[in-house]
Structure formats: structure tokens, C-alpha cells
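Chain identifiers are assigned alphabetically (A, B, ...) following the order of the sequence lines, protein sequences preceding nucleic acid strands; residue numbering begins at 1 within each chain.
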Number of protein chains: 2
Amino acid sequence: MVAMRTASPRSPSRTRERILDASLALFNESGAPNITTNHIADAAGISPGNLYYHFRHKEDIVMALYGRYETALNGVLDSGQDAQDAVSDLWLLVHLAFEVIQDFRFIHRDLSDLSAAYPALRARFQRSVEAGIARTSAYCLALARAGALDASPEEAHALATNISLVTTYWLNLQALRHASRGGLAPPDDDTISEGVFQVLSLITPYLRGAMREDFRRIALRYLPPPSDRGDCSKPTA
Amino acid sequence: MVAMRTASPRSPSRTRERILDASLALFNESGAPNITTNHIADAAGISPGNLYYHFRHKEDIVMALYGRYETALNGVLDSGQDAQDAVSDLWLLVHLAFEVIQDFRFIHRDLSDLSAAYPALRARFQRSVEAGIARTSAYCLALARAGALDASPEEAHALATNISLVTTYWLNLQALRHASRGGLAPPDDDTISEGVFQVLSLITPYLRGAMREDFRRIALRYLPPPSDRGDCSKPTA
DNA sequence: GTCTATATAGGGATAGAC
DNA sequence: GTCTATCCCTATATAGAC
């Protein structure tokens with residue numbers, strides 16, 4: 001590689017984007033704490049010095065990626081806000097959220113470390129979590145008041161919290177479960193489908209009558225074939 | 001094991017235990033990756049060289065602590081095995097499990113990092129997770145077959161998985177939510193109570209009739225007063 | 001904007017005296 | 001068993017030429 005300093009001519013700071021892309025790939029593969037700025041520079045095909053011309057600190061790279069993540073996730077959730085009346089589309093919202101999280105999985109994976117190292121990131125993530133729980137909670141409470149959800153206000157809030165928790169940590173858990181030597185588990189479409197199933201399993205039992213059966217049917221479609229979960233080639237996503 | 005030349009004067013290798021105790025405290029407070037062997041030596045009141053006399057690698061310290069954790073957790077779970085017929089004692093089991101996890105919270109908090117750094121730990125944790133899910137799953141399936149749980153086998157398994165997930169990551173999430181400057185959140189009894197409530201909230205809606213009401217009543221006792229979650233003095237633990 | 005070379009710092013781990 | 005002193009390595013970040 002090393003197409004070498006395409007440099008000067010055009011590119012309105014496309015190097016910056018290359019750095020971010022390379023960082024994201026490496027962080028997702030090996031975890032941000034284990035990736036050095038030299039690794040990133042190598043992968044981006046530039047020199048370490050050049051990297052520090054574009055980002056004064058490694059933290060700046062992480063924060064920029066977090067910005068991308070937040071934007072993507074809010075895009076999904078805001079679009080869901082509109083369709084929120086249609087309960088039946090909930091699975092789609094969950095699925096899309098999982099895809100974003102998957103794309104930036106290093107954030108959740110190394111969250112404790114990153115939070116400790118970069119207080120700015122911790123603060124932003126905290127806000128993000130609280131907003132997510134509040135949003136989900138409001139949704140569940142509305143369902144409960146409407147009589148669609150058989151839950152006390154406390155239970156509805158607990159349900160919302162569990163939804164947030166499972167959404168936040170599902171990919172984490174699966175990466176750990178499926179990890180073998182070397183880099184952690186590669187992206188796997190089944191993993192997301194299973195995650196959707198898990199989340200729907202949280203909601204289903206609180207639903208009533210026909211709606212519960214509808215949800216069960218939808219959820220079942222998300223259950224992957226009961227192979228030993230080794231490496232079945234991914235079916236239609 | 002290893003009564004071994006118990007050092008010179010007294011103390012059958014009490015330094016070793018001091019090192020482990022200091023490490024556990026520091027790891028829990030600041031995260032294992034952020035604690036150096038020098039920090040540990042300082043806290044234990046010994047020299048760095050002496051530390052390496054007792055543990056050739058930092059990994060050895062982590063693994064020893066993981067051994068302690070596994071022993072404690074298995075103790076709780078095995079004791080629960082006996083009382084497993086009495087569903088009403090489930091909350092106690094969950095509570096005790098949370099206490100163990102709390103005591104060794106650094107393990108879950110920095111799991112990804114530790115797993116990447118120490119493959120031996122990753123392997124042991126994986127086995128632990130799978131065993132936990134299998135155990136919980138068998139339990140839920142038994143309840144379902146007995147007609148106490150209104151769930152398909154798939155749902156019962158998903159429920160078990162979610163129980164494991166919430167148990168594994170609840171303290172993680174709360175530490176993050178309540179973290180402010182400096183070290184992460186201090187141990188908080190309310191946090192565990194809330195965790196028990198969260199886990200019971202997973203199971204309750206699948207239960208039938210009278211049992212469901214019983215569970216709801218028990219769960220409610222675990223719900224802390226609805227203050228803003230600042231620092232309510234802990235009720236009877 | 002990009003490079004090469006280097007400063008600086010800290011962490012894991014060892015050597016050898018006591 | 002315990003200490004002091006130190007080696008080795010790697011990571012972030014900078015300096016200055018091109």
C-alpha cells in the first residue's frame with residue numbers, strides 16, 4: 001500500500017476522514033486501548049507526525065468518532081419517534097439501533113476504560129444513556145396507560161431500563177461469548193437478529209391478548225435456526 | 001496447598017494476601033488497566049521488587065483474584081441449587097450473586113480489556129457465562145414445563161439469557177450512570193436492590209396468576225423510595 | 001500537509017545486595 | 001522475603017526539514 005502522499009492537490013482534508021475511518025476499523029477490531037496512534041497512522045498510510053497534525057491528541061479521534069456515533073444513533077431514534085404509534089414497527093427500530101451500535105461497537109466494548117480516560121466522553125455517554133432510558137420509559141408508560149401493557153408504572157420503568165441495558169450490552173456479551181484467539185468476534189448478522197429477539201422477549205410478556213401473539217410471531221422470525229451457533233452462513237439479513 | 005516454606009517468622013505468606021487485597025481494592029476503585037504494579041506495591045506497603053517475588057506477572061494477580069471471585073460466586077449459586085424448588089427464595093439468590101459481583105466489580109467492568117490481555121481469563125469467564133446461562137435456562141425451562149411460567153421453550157431460554165445479561169452488566173451500567181469526577185461510583189446498597197428489582201422484573205410478567213402477584217409484592221419491596229436517586233440512606237439490606 | 005527523527009514518560013519486569 | 005536500582009520496551013506527543 002502506501003499510495004503515498006497523494007497530498008497537496010485536492011482533498012479538502014480527506015486525510016482527516018481517512019484517519020477516522022482507519023481508527024474506527026482498528027478500534028472495533030482490537031479495542032481502542034490496544035490501538036496506538038502508530039497503528040492508526042500505518043493503517044491510514046500516513047506518518048505518525050502527520051496524524052498529530054490532524055489530531056493533537058488520541059482523545060480527539062475518539063471524541064470525533066463518538067460524534068459520528070451519536071449522530072447516527074439519533075438519526076435512527078428520531079426517525080422512530082414518528083412511527084412510534086405503530087408498535088409493530090418496534091422491531092425495526094431496535095434492529096437499526098443495533099446496527100449503529102455494531103458499527104461503533106468499540107465504544108460500548110471499552111466504555112469503562114474510555115470513560116475513565118476521557119471524562120468528556122463519559123459525560124456525553126451518560127447523557128445519552130439517560131436520554132435513552134427516559135425516551136423508552138415514556139414510551140412504555142404510554143403503552144401501559146393505554147392498556148396495551150400490563151404493568152405498573154414501576155414495572156414499566158424497569159422494563160424500559162432493561163431494554164436500554166440489553167440494547168447497550170448485548171453485542172458486548174456476544175463478542176465475549178464468541179471470541180476466540182486474537183481479535184474479538186467479527187460482525188455477525190445473526191448476532192443482531194438474536195439481539196432483537198432478546199429485546200422483544202423483554203416486552204412480549206407484558207403485552208395483552210392479540211398483541212402479545214402478534215409480537216410472539218414477529219419475535220420468532222428473529223430466532224436463528226437452532227444450530228450450535230458456530231458459524232452458520234448468514235441468511236437474508 | 002503450598003504450606004511451603006512459610007516465610008521466615010510468622011505469616012504463612014500473608015504478604016501474598018496483602019497484595020491481593022490491595023489489588024482488589026485498587027482495581028475496583030480505578031479499573032485494573034489503570035493500576036500499575038507500582039501502585040499495588042505502594043498500597044500493600046512493599047517494594048515493587050517484592051511484589052514480583054510473589055507474582056511473576058500482573059496477570060497472575062488478576063487470575064488469582066478471578067479465582068477468588070469464581071469460588072465466591074459458585075458458593076452462592078451452589079447453595080441456591082438446593083433451595084431452587086422454592087421460587088420465592090429466588091430474590092435472595094440474586095441478591096447474594098450481586099453482592100459477590102459487587103465485591104469483584106472490576107472484573108465485569110474491564111472485561112473486554114482483561115479478556116484481550118489475558119486469554120486465560122477470557123476462557124474462564126466464557127465458561128462461567130455459559131454455565132450460568134445453562135443453569136438459568138434449565139431452571140426456567142423446568143418452570144415452564146411445570147406450568148408456572150407462561151413461555152415457549154425459546155422464550156424461556158431468552159429469559160434466562162436476559163437474566164444473565166442483566167446480572168452481569170447491571171452494576172456496570174449503574175457505575176457509569178452515577179460516576180462523577182475521579183474514581184467510579186462507590187459501593188451502594190441501593191444499587192444492588194435496584195438490580196434485584198430489575199431481574200425480578202424480567203421474570204414476573206411470565207409468571208401466572210397468584211405467583212405473579214406474589215412476585216410483584218416481593219419485587220416492590222426492592223424498589224427504593226422514588227427520590228431522585230441521589231443518596232437515600234440504605235434501608236434494611 | 002507531510003515526512004523523519006526524537007523527546008518524554010511510564011509501565012512491566014529483573015538483578016543482585018541484604 | 002524484602003529491598004534498591006535499573007533494564008527494556010512501547011506509547012503519546014513534538015520539532016523541524018521538505
Side-chain angles (χ1 to χ4, degrees), chain A residues 1-23 26-27 30-65 106 110 113-114 116-121, chain B residues 2-23 26-27 30-65 110 113-114 116-121:
Chain A
M1 44 210 71
V2 180
M4 232 356 199
R5 54 228 178 92
T6 62
S8 27
R10 60 179 174 289
S11 78
S13 189
R14 235 178 62 208
T15 301
R16 203 188 140 87
E17 298 307 309
R18 291 240 311 288
I19 292 172
L20 290 179
D21 291 342
S23 299
L26 291 173
F27 288 173
S30 309
N34 307 313
I35 295 300
T36 74
T37 48
N38 282 6
H39 290 146
I40 299 172
D42 276 2
I46 62 172
S47 70
N50 191 9
L51 184 149
Y52 275 91
Y53 170 81
H54 291 278
F55 295 94
R56 305 272 321 255
H57 310 277
K58 187 183 174 186
E59 174 171 8
D60 297 338
I61 299 178
V62 174
M63 292 306 289
L65 288 176
F106 84 94
D110 298 304
D113 242 43
L114 293 174
Y118 313 130
L121 185 132
Chain B
V2 183
M4 244 334 207
R5 53 218 178 93
T6 64
S8 21
R10 57 176 176 289
S11 78
S13 189
R14 236 176 62 208
T15 301
R16 203 188 140 87
E17 298 307 310
R18 290 240 311 288
I19 292 171
L20 289 179
D21 291 342
S23 299
L26 291 172
F27 288 173
S30 308
N34 308 313
I35 296 299
T36 74
T37 48
N38 281 7
H39 289 146
I40 299 172
D42 275 1
I46 62 173
S47 70
N50 191 9
L51 185 149
Y52 275 92
Y53 170 81
H54 290 279
F55 294 93
R56 305 273 321 256
H57 311 277
K58 187 183 175 185
E59 173 172 8
D60 297 339
I61 299 178
V62 174
M63 292 306 289
L65 288 176
D110 298 303
D113 242 42
L114 292 174
Y118 313 130
L121 185 132

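When all heavy atoms of A/Ile19 and A/Leu51 are compared, the closest pair comes out as CD1-CA, 4.1 Å. Taking both residues in full, the closest heavy atoms of A/His54 and A/Arg16 are given as O-NH1, 3.8 Å, listed atom of the first, atom of the second, then distance.
A heavy-atom distance below 4.0 Å to DNA chain C is reached by these residues of residues 48-58 of chain A, ordered by number: A/Gly49, A/Asn50, A/Tyr53, A/His54. Annotation: proximity of residues 31-42 of chain B to DNA chain D (heavy atom, distance under 4.0 Å) is found for no residue.
Shown here are the side-chain hydrogen bond (donor to acceptor under 3.5 Å, both in side chains) partners of A/Thr36, two or more places apart in sequence or in another chain: A/His39. Residues meeting the salt bridge (Lys or Arg N to Asp or Glu O under 4.0 Å) test with B/Asp21, sequence neighbours left out: B/Arg68.
With a 4.5 Å cut-off on side-chain heavy atoms, B/Asp110 and B/Phe27 do not count as touching.
If you take OH on A/Tyr52 and CD1 on A/Ile46, they are separated by 11.0 Å, rounding to the nearest 0.5 Å. With rounding to the nearest 0.5 angstrom, the CD atom of A/Glu17 is 11.0 Å from the OG atom of A/Ser23.
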- Take B/Leu26 and B/Asn34 through the test side chain to side chain contact (heavy atoms under 4.5 Å, CB included) and record every step on the way to the result. CA-CA 9 Å; B/Leu26 291 172; B/Asn34 308 313; over 6 Å; no
Listed pairs, N/O of protein and of nucleotides 16-18 of chain C, under 3.5 Å:
none

N/O donor to acceptor pairs below 3.5 angstrom from side-chain atoms of residues 55-65 of chain A, sequence neighbours left out:
unit_1	atom_1	unit_2	atom_2	d
A/Lys58	NZ	A/Ala32	O	3.0
A/Lys58	NZ	A/Ile35	O	2.8
A/Asp60	OD2	A/His57	N	3.2

